[in-house]
There are 4 protein chains.
Amino acid sequence: MEQNQIWDQLSLDEEEFTPKQKKIIAAAVEIFAEKGYAATSTSEIAKKAGVAEGTIFRHYKTKKELLLSIVAPMMAKMIAPFVIKDISRVLDKDYDTLEDFLRAMIKNREAFMEKNMLLFRILVQELPFQKELQEQFKEHIAAKIYTRMEKAVMHYQEKGEIMVMPSKTVIRLFLSTIFGHLMARFFILSSEEWEDEKEMERTIQFLMKGLSPDE
Amino acid sequence: MEQNQIWDQLSLDEEEFTPKQKKIIAAAVEIFAEKGYAATSTSEIAKKAGVAEGTIFRHYKTKKELLLSIVAPMMAKMIAPFVIKDISRVLDKDYDTLEDFLRAMIKNREAFMEKNMLLFRILVQELPFQKELQEQFKEHIAAKIYTRMEKAVMHYQEKGEIMVMPSKTVIRLFLSTIFGHLMARFFILSSEEWEDEKEMERTIQFLMKGLSPDE
Amino acid sequence: MEQNQIWDQLSLDEEEFTPKQKKIIAAAVEIFAEKGYAATSTSEIAKKAGVAEGTIFRHYKTKKELLLSIVAPMMAKMIAPFVIKDISRVLDKDYDTLEDFLRAMIKNREAFMEKNMLLFRILVQELPFQKELQEQFKEHIAAKIYTRMEKAVMHYQEKGEIMVMPSKTVIRLFLSTIFGHLMARFFILSSEEWEDEKEMERTIQFLMKGLSPDE
Amino acid sequence: MEQNQIWDQLSLDEEEFTPKQKKIIAAAVEIFAEKGYAATSTSEIAKKAGVAEGTIFRHYKTKKELLLSIVAPMMAKMIAPFVIKDISRVLDKDYDTLEDFLRAMIKNREAFMEKNMLLFRILVQELPFQKELQEQFKEHIAAKIYTRMEKAVMHYQEKGEIMVMPSKTVIRLFLSTIFGHLMARFFILSSEEWEDEKEMERTIQFLMKGLSPDE
DNA sequence: GATGAATGAGAATTCATTCAT
DNA sequence: TATGAATGAATTCTCATTCAT
């Protein structure tokens, strides 16, 4: 993966980053994703970034700070569609039918993954180990997403498109399916094995039917 | 988690293991599960096991060999229900209806998780990093499970209980849902938040409806 | 032996070596010479050099690399008199008589040993164990020295000062005598037991007569 | 090299050695000769000998004791020709001429090397490192050999076959030549490169002429 | 006598971090 | 800001040796 792309993922161009710092982040993202945080040495990052070992610690007090500085902003981006104007579009008005909503949701998440694959990988891989990430994730991500999702679920339940069931359960089933869809597409299956449009429709139909009220 | 339980997980009592060796494995399982393989030091394992550090290396040439010696047999156990007599029970004869099949499957996997939580955690956590595990997993686990599942899917498709759809997709949707179910129950939600019977029924209903043929 | 002298042996002053690195080399030379490579620990070297153990590995990836970095350049120096201008002086023109040649040779080797005793000791001691050294020695040292010596032998054979005999044998006899001379002087006998000038003349006479043509 | 031969070298069959002990010695000799004492681990010896690690220490309190138990008796054998009846044959009566004496000496040493190559190698390789060996060597070997040699030198000087020169020097020149001869034959040159009979004659001639009195 | 599990001291090497330049 | 030499604690692993069986 080229630097540009990683950089795009963090969308940090505008902020004041020295060129060296950018290289450090790019290198760290790649190696963290491949070998995991704990198995990555700062010297390896420095070498790949083409900077001196000390330079990393000029910008980040510790190795862990480097990790967090990488993952934290991507967590923020993860919830973007749930909190900003997008939300009005995705969750409130535009999507009259559940089907439209689901399709928009999946497409949105696919687009996100396309841009953030490595970062997402790091997040998923390190979440079990890094207490700090877990807390950030619970407080800022899970909670917010859950709140918004709950609204949407209740909305479509009122409209009679989702069966009556605790929203917690609906969200669990929904997220399992989406997560499985994304994993299959981005991490497990090769592109030849995956017919994008068709699989998306199948996932949508599965969710629609699975969540539909009993007649 | 007590040693006995871990031991039970590996079901290795019968083989010739030194008492010290058993302690080493028990300690390693716990710490690997909690902090991850890379972040676990052999000295930590030794201390927890109440053993000299050298003793670990008398039994396992390297730290990685210790990891593999722990995870490999549990992978074998993972597919047991898919390959032995159970399979006849689960996949072939007894379960006339899809619902029975799903219920049996979920219960079976829940029982498995109950006994193998830590080991399963290690497997899931290390799979992204350990090439050896990935290969073992692909060759011995994924392939076998997939083959058996495919049979079952086609069986219920013929019976008209599952819609016509590539079995690969059915399996993906099915496994996503099961995996999500197990993660929620064992790793995410506390026991108070989880009504076992009800959630199981909801998962089953979701799968049944989601996979049912369009009338 | 003082550092300066060792340093002089390697004649590496000019190259960019950290002061610490120089200390490491000096310490390593002394201990390797005394106890042998295998019996020398890096911690011992570090202590003697007044350096942290990690510092050694900043400059040399492995302990063996340290050994080679010490012995390799001295092997180069060993053949200097056989390949550079000295050769013209020693082997080609100036030394009309065999006696002059032998005397120059022995004096030259004695001077070399005076400066490189420790390094020479390491070379001789480790040669039986280190495959890398053996190869370097065969390819770069033995081959070159042999080639030049062969020329000189044939030269003096043509002049009738050395008997007709395979040059390989002459060289063997010659080197045995020189080596024995140097060992006696530098490693076996104390200075009181050794009358420098006289022993040199005796060695020369022994060689002259031993190699002289039958009348 | 086969065990029998090594065993023959030590000529220890008669003494009470358990079969395991014999295997240990045989294995140790081979590995010590190849990798050196310091670089050889007792576990390696045990494995090669096909015994348990502990067994070695049942017979030898320490690893060093094992080394000494191997080298010491071979040192004794080294001087055999100088101390027992052989001596009368070699040094006193039979050999009227220097030439006969030299030829007998070289042949004897060649025969010795043929039987004791590995042990000799160990001795030479470890002598620089093992103080105990050095002392044993100086006291028991060097001293005795020197004494006997001195007698012989004086004998042939009186007969006018060796020039007048300190016997110490004669011995040095003589041993250098013999040692070089043996090294070339046994350790440096391959058998195709070495014409046994001829090289022996050349060595003898070289010594004879080199040591002969000036007319 | 023989075993081999166990030990703990120490080996080589790694690594995050510091600091003078 | 950037460097990279230096550090020392920690890490993986080795090894001679012990000891209960």
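Bear in mind that the values here come from a model prediction, so they are computed numbers and not experimental data. Below, chains carry the letters A, B, ... as their sequence lines are ordered, and counting in each starts from 1.
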Reckon T55(A) touches a base, only the sugar-phosphate, or nothing at all at heavy-atom distances under 4.0 Å?
base

K48(B) side chain to K23(B) main-chain N or O, any donor-acceptor pair under 3.5 Å?
no

Could you please name the option among dT17(F), dA5(E), dT12(F) that lies closest to any side-chain atom of H59(B)?
dA5(E)

Within the structure shown, what part of the strands sits under 4.0 Å from T42(A) by heavy-atom distance: base, sugar-phosphate, or nothing?
base

In whole angstroms, the gap separating C1' of dT17(F) from NZ of K64(D) amounts to 15 Å

Side chain of T62(B) (C-beta onward), nearest among dA12(E), dC13(F), dA6(E)
dC13(F)

Whole angstrom value for the distance that separates P of dA16(E) from NZ of K63(A)
4 Å

So which nucleotide does dT12(F) pair with, by the Watson-Crick or G-U wobble rule with both distances under 3.5 Å?
dA11(E)

Worked check of side-chain hydrogen bond (donor to acceptor under 3.5 Å, both in side chains) between Y60(B) and Q21(B)
CA-CA 10 Å; Y60(B) 305 94; Q21(B) 193 170 0; 3.1 Å; yes

Check the pair E34(D), R121(D) against salt bridge (charged side-chain N to carboxylate O under 4.0 Å, His left out), reporting the backbone distance first and the verdict last.
CA-CA 9 Å; E34(D) 191 195 333; R121(D) 230 190 131 162; over 6 Å; no

Would K35(A) pass as a cation-pi partner of F129(B), given that its NZ or CZ must be under 6.0 Å from the six-membered ring centre and within 45 degrees of the axis?
no

Answer yes or no: is there an ion pair linking R58(B) with E53(D), defined by an N-O contact shorter than 4.0 Å?
yes

Both distances below 3.5 Å, Watson-Crick or wobble geometry, any strand: find the nucleotide opposite dT21(E).
dA2(F)

Whichever of K61(D) and G50(A) has its nearest DNA chain F nucleotide further upstream toward 5'
G50(A)

Atom-to-atom span, NZ of K20(A) to C1' of dG4(F) - whole angstrom
12 Å

Starting at the 5' end of DNA chain E and moving along, which residue's nearest nucleotide shows up first, S43(C) or G54(C)?
S43(C)

Nearest whole Å is fine: how far is dT11(F) P from L66(B) CG?
16 Å

Which part of the nucleic acid, if any, lies within reach of T18(A) when heavy atoms closer than 4.0 Å are counted: base, sugar-phosphate only, or nothing?
sugar-phosphate

If each of V51(C) and V51(A) is mapped to the nucleotide of DNA chain F with the nearest heavy atom, which maps nearer the 5' terminus, i.e. the 5' end?
V51(A)

Would you indicate which nucleotide in dT12(F), dG8(F), dA12(E) comes nearest to any side-chain atom of A52(C)?
dG8(F)

Starting at atom NZ of K22(B), determine the distance to atom P of dA6(E), rounded to an integer number of angstrom.
12 Å

Between dT12(F) (C1') and I24(B) (CD1): distance, integer Å:
15 Å

How do Y37(C) and R58(B) order along DNA chain E: which one's closest nucleotide is nearer the 5' end?
R58(B)

Tell me the interatomic distance from E53(B), atom CD, to dA10(F), atom P, rounded to whole angstroms.
13 Å

K47(A) NZ to dT14(E) C1': how many Å, rounded?
13 Å

